[in-house]
Every structure is written in C-alpha cells, then in structure tokens.
Asks: 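Sharing a structure with you now.
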Number of protein chains: 2
Amino acid sequence: MIVSSDRVLSNRPFNDAPIGIFDSGFGGLTVAREIAKELPEESIVYFGDTARCPYGPRSQDEVDGFVQQICTWLVGRDVKLLVIACNTATAAGLEHAQQRFSIPVIGAVIPGARAAARATKNRRVGVIATKGTVESGCYPQAIRNIDAGITVFSTATPKFVDIVEQGIRMSRGPIEDLTSLASKVYIRPAFQEIARDYLEPLRRCEIDTLVLGCTHYPMLKALIGGVIGHNVLLVSSAEEMAKEVRETLSMRGELAHEGNIAKHEFFTSAPNLDEFQSFGSRVFSEPIERPTHIDLSRL
Amino acid sequence: MIVSSDRVLSNRPFNDAPIGIFDSGFGGLTVAREIAKELPEESIVYFGDTARCPYGPRSQDEVDGFVQQICTWLVGRDVKLLVIACNTATAAGLEHAQQRFSIPVIGAVIPGARAAARATKNRRVGVIATKGTVESGCYPQAIRNIDAGITVFSTATPKFVDIVEQGIRMSRGPIEDLTSLASKVYIRPAFQEIARDYLEPLRRCEIDTLVLGCTHYPMLKALIGGVIGHNVLLVSSAEEMAKEVRETLSMRGELAHEGNIAKHEFFTSAPNLDEFQSFGSRVFSEPIERPTHIDLSRL
C-alpha cells in the first residue's frame, strides 16, 4: 500500500505489452486460464516446452538452462512480465531469472505457499510435487518464511504427471478434474493404488492442508482428495498467481488500458501442433488459436 | 486457489473472538485503524506498551521477551489471531511467537516487503527503520525472498521516532501526516536537516521505492517525500497488513459473523491513561474508549 502514488501517476498509467507465460507443456495453461479470467484485457504469449516435457526428472541445472533460454525468448517478444507457470522450473530457475531480467518474474511457489500458510489450522502442511521441486526444498522454505511455526511434510509424486497425461488422452470433455465423475474418466484401480502409496504417509502425518505443487495435480483432485481425506484442504497456486500478476501490474501502473483487445498467442517446442491445439484448448477451457512451432533446443 | 473447500465449509464458518494487536506504543494504532476499516465487524484488543516505548534502541533479546510476554497476555484474552503492529517487535520476536502459539501471528515486515517488491521498477529499494529492525536484516531478506533481483539499501533513522513523538504533542488536528501543510505542524529546519542527513545517501543510490519500516514513519510522509524526491514511491505496511488479516481469517473460515457488533478495547502499560486516550484517538482517527492500565513489567 502506497502512501504516495505520485510516481505511478506521473509515469504512463498503462502498458499494453503482453504477459509472457511458460511451462514445460500444457499444465501452465491452467495458470494462463486464471490470468485470462482475472485480467481479460491483457495479451498473453504462452510457450509450452512440450518437446522437453517432463521437467520433473531432470537436474536443476538443466531445467535452469531451459528457464533462462525460454525467458530470453519471451523477453525478445517484448513481454512486460514473466510468469513461470511450472513449479519445477520455478524451483530451478526463478532466482536466476529474477537476477538476469529487468522485468518482474513471478513463480509458482510463493503464491501456493502463502495460501497454505494462511489456511492451515493445525499448522501441519503437506506438499506433493515433482522430484526436482521436492529436492529443492523451496516449498518448506517459502512456507516457513511466512510462518515459522508450520511443520511441512513433502513427498515426490512423479507418477501423478503420467496419470494426468494418460487421463488427458482418455477423456473427451473439459479436463478441470480428470478424476471426477463428470469427466467420464475411469479412476483405474492402479491409479488409486499409486495415490494410496504416495499419500498414506502424509495422511498419517495428520496434515490439514495439502499443496498441489505441480500444475498438473489439480486435474487429479477427486483422486487425491479421496485418498487424503476430505477434511484436508487442497491448495493449488493458479488463482493466487493470477492475483499476484494483477497486483504487480497494478502497483507498477502497467495494466493494459481499459478496452484493450487482448491477443492470446501460443507457441510450442513440439512439432505436433494439432495435439497441442486440441489438448491445450481443453486445459485452457476455451478454443486456443493454432500454436506456432519454435524449436528452442536448436537455438 | 483452493481447489477443495470442503474443510472450511464443514467447520464452523465464523469466529467472533477478537483480533489481538500490539505495538510499543501508539504507532500500531495506524494498523488497528486499517484493520477496523477493512473488517468493521471484527472486535479488537489493542495493547500499547507505552511504558517501555521505544523498542528501537533495545536489544533483540529484550524485545523478543516483550513480544512473547504480550502475546501470551493477548492469547489469555482468547484472541483468534495476533498482529505484531511494530517492525522492531516483528524483527525480534515474530518467528519465536509463531513457533510458540497455535494461532496465526502476522507481522509488519512481509506485507511491506511484498508491496515494495511489486512496485519497484528499477529494482532498487530503500528501507528506513529503527536500529533493531535494520540490524536484523529482515527487510532485505524478505524482499529478496520475493524477488532475488532487487537490490536493497537500508538505513536506521531512529530520530524520526522522536520527531513523530514531538509532532503529536505539537499538533492539534488529525495526525495522518504531521508534516503536511494541513496538519499545521511546522516542519522545523532541524527536522529537515535530520531528514537530509538520513535520506541523502539513499537518494544517491537511485532507489525508486522506499519502505517506511516503522509504523511511526507514515506520519512524516511529507517531510520524507520532500527530501527523497517525489519520484520515489513511499510504501508502508498498515493497509497491506489489514488485507493479510482479512485473507487469513477468510481462508480459515474465522471471520466474525455478518452483523457482529465489533468491540474495540484498548490497554496500555503506561499509567497516563488520559494521554493515551487523547493521542490514541487522533492516531486511530476516531475517539477511542478509555484504555485500561496493565503493568506487564510487573507480571
């Protein structure tokens, strides 16, 4: 909160440049969707690095390299703000990107950590994420920076990413929750067994809040909620990230001007553009334009 | 960002217990005022430790002891959430209090750090605060946790507290800004000299955003803005703290019920209750009830 807003008022009060968003694939489109909903006048340039997906099992250094490469490409398209809509990429490359680029870079971890810290009542919070995210320790650190009295239990749940990928292929309708009854995707016994293996230890830790620390996981909320118990709050960061983008642009006087006709552009490193457009439209919850292929790995 | 709100809905959806707020004296009443404005149905128990004010020059250990003592007293009054409305006390005792008490404890540093990190454009942020707050390093740490690309310049400005204390005694009207023309408080040349001594080095660092890291400092915004330059954004945390309180209570299903008649109670460690009531009413911007004297130092 600003006690003197002279500076913002004296600069130009809007900026129609697009917001740059990227993810290792489709998952970040859940974040792009929330940003488009929260800020309908903002243009978006989305890059899905589907050719190199998943990032989860890769080393921090390798993922950091991808993050810097993609951010550089997005900055070259004159975006006004960068969103790393992927927890693994945030854990590996956020700080480096913030040090490197002169525009704000918003990651996935702090918004989710903040929501969990606010919500927990018994101050026992679980985090499920990819191996890379868990090993970085970024969630326990971010949560305990906000509230040092919270105990955090983290576990890597990489197979959930595969379940989502399979589920997207199996389902026909919208894919807000692939494991809900409405999605018509059968919750296979094998999926439930995987979920029990992963989540039973967290359940025994008596957590009351669980951070879904990967943009894919909200698509499994019925499966996860069924195993962890419906008394445990599930937290994802997409909506909180969209608020963070709005507040950052607003405080900098860099929202798009009122009435701006937003343009949403999609780029992917994978050559199969039909698949990206078809799956992407369902994750984004509305038809997306045909994406453009960019082979970043050959840059 | 809550993908399953079952838990909040299944628990009782409101909590009429008061919010506990404390400060070393009157300064925190600016925070209490914002909370009362943002959440008019919430009861408040305010404790001003005026007898031991100022905290700024004291050791971290001593202030930490005060924080734990006052929080224990407030928890004994069945508050549902604690607000440390003092930067020095936050720096010295927030983490300890969070580890010790089972209710949420909200400090002054993170909300101000977040606002500054969002606002800066050239990513050069200044912080002015008491000696204790600056020496703790809490602001640079909190700001760089949010954006690792920001350079923070901090400086202790303890005499600003004395100027505010003098100003409150000299002024007759409301004291939103003691150094504005409207306040009818003469900006003494001596005050301007002190401000120049403190702020000139920060001005030369080319900061574009300045955190007022003490609840007293917003009352000097005309003086500070005049020296640092009106192109520098001044950030204080009172309003941002009030939002943090609202979002925390809302996410926990612990807001007061609609239509709750809020009660505002005031306590102070200083024996001069008339002075507390008279100055307090002007800082709180509306008449406060006669405070009750509590001698915590003898507990």
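The chains referred to below are lettered A, B, ... by the order of the sequence lines, with proteins before strands, and numbering in each begins at 1. Bear in mind that the values here come from a model prediction, so they are computed numbers and not experimental data.
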Asks: Verify side-chain contact (heavy atoms from CB on, under 4.5 Å) between B:R144 and A:Q99, making sure each step is shown before the conclusion.
Replies: CA-CA 10 Å; B:R144 291 176 53 84; A:Q99 284 158 350; 4.2 Å; yes

Asks: Applying salt bridge (charged side-chain N to carboxylate O under 4.0 Å, His left out), name anything that partners A:E95, two or more places apart in sequence or on another chain.
Replies: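 None.
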
Asks: Can you sort out the partners of A:R118 under salt bridge (charged side-chain N to carboxylate O under 4.0 Å, His left out), two or more places apart, ordered by chain and number?
Replies: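 A:R118 satisfies salt bridge (charged side-chain N to carboxylate O under 4.0 Å, His left out) with A:E240, B:E244, B:E247 only.
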
Asks: Measure B:I103 against the heavy atoms of chain A and call it side chain, backbone, both or neither at under 4.5 Å.
Replies: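 Interface part for B:I103: backbone (N, CA, C, O).
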
Asks: Please report the interatomic distance CD1(A:I146) to CD(B:Q98), rounded to the nearest 0.5 Å.
Replies: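 A:I146 atom CD1 to B:Q98 atom CD measures 9.5 Å (nearest 0.5 Å).
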
Asks: Please rank A:A148, A:A142, A:G149 by heavy-atom pairs under 4.5 Å with chain B and give me the top one.
Replies: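 The residue among A:A148, A:A142, A:G149 with the greatest pair count is A:A148.
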
Asks: I'd like to verify something: which residue of A:L249, A:T248, A:D147 has the highest number of heavy-atom pairs under 4.5 Å with chain B?
Replies: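 Max contact count across the listed options: A:D147.
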
Asks: Could you check which of B:P104, B:G225, B:S102 has the highest count of heavy-atom pairs closer than 4.5 Å to chain A?
Replies: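 The option with the most such pairs is B:S102.
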
Asks: Return the option, out of A:N145, A:I106, A:V109, A:I110, with the maximum number of heavy-atom pairs under 4.5 Å with chain B.
Replies: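 Highest number of heavy-atom pairs under 4.5 Å: A:N145.
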
Asks: By a 4.5 Å heavy-atom criterion (distance strictly below it), what part of A:R114 contacts chain B: side chain, backbone, both, or neither?
Replies: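 Side chain of A:R114 only, per the 4.5 Å heavy-atom cut-off to chain B.
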
